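Everything on this sheet refers to the single structure shown next.
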Amino acid sequence: MRAASISRKTAETDVAVSIALDGTGKASIDTGVGFLDHMLELLARHALFDLDVKVEGDLHVDQHHTTEDAGIALGQAFAKALGDKRGIARYADLHLPMDETLSRVAIDISGRPFLVFRTQFRVEKIGQFDTELVREWFQAFAMNAGITLHVETLYGENAHHIAESCFKGLARALRAAVAVDPREEGRVPSTKGSL
Ligand SMILES: [Mn+2]
């Protein structure tokens, strides 16, 4: 079972994450930020990860530290659960539509963290959530998961749909990229022999 837990405590946040990559999409999420909870629940569901995320963050400041640190801890837990990456598909990409919005997500579970994030929002808020924090979460996740992640929203109007298309696109790409390909016969999918 590819699973891991991470606890991460700073002066700003106290985060606990447990992840099982070969799960069923069962999520228990409580970050104190409703929109972020919604995004992480659908990430778990569409990646088929079992995911527990608890954050006690400094929400009296704003939602920045809570969102960023949730991304850091989830990225660390993902990398730990994946281990030496034996047998995985490694690459995945897809287009994820949500009503009028279309986002493209491409990933390489490379061990070389990189984010390209070409998604813009026309509004500053989705409910109480600052739309600029979507990028912050993706940056934190990609750097700590050790993945090369490209996200581009090709078109879209509604900010909720745009954010959701990015998270669902990531979820579906992760699901495909961590899938074990039996033809790999447990090898690390790199000519270098490690990722
Ligand atoms: Mn929604």
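Everything quoted here is computed from the prediction, not taken from an experiment. Both counts, for ligands and for their atoms, begin at 1 and track the order of listing.
A distance-only check finds a donor-acceptor pair linking the side chain of Ser110 to the backbone of Arg112 [under 3.5 Å]. Here the side chain of Lys80 pairs a donor or acceptor atom with the backbone of Ser5 at under 3.5 angstrom. Under the 3.5 Å distance criterion, the side-chain polar atoms of Asn144 are left unmatched by any main-chain donor or acceptor of Gln76.
Under 2.8 Å from the Mn ion (ligand 1) lies no N/O/S atom of His161, from backbone or side chain alike.
Distances from the Mn ion (ligand 1) to each N, O or S atom of Glu164 single out OE1 as the nearest. Summary: NE2 is the N/O/S atom of His38 found nearest to the Mn ion (ligand 1).
A 4.5 Å side-chain heavy-atom check between Thr119 and Val134 finds every atom pair outside the cut-off.
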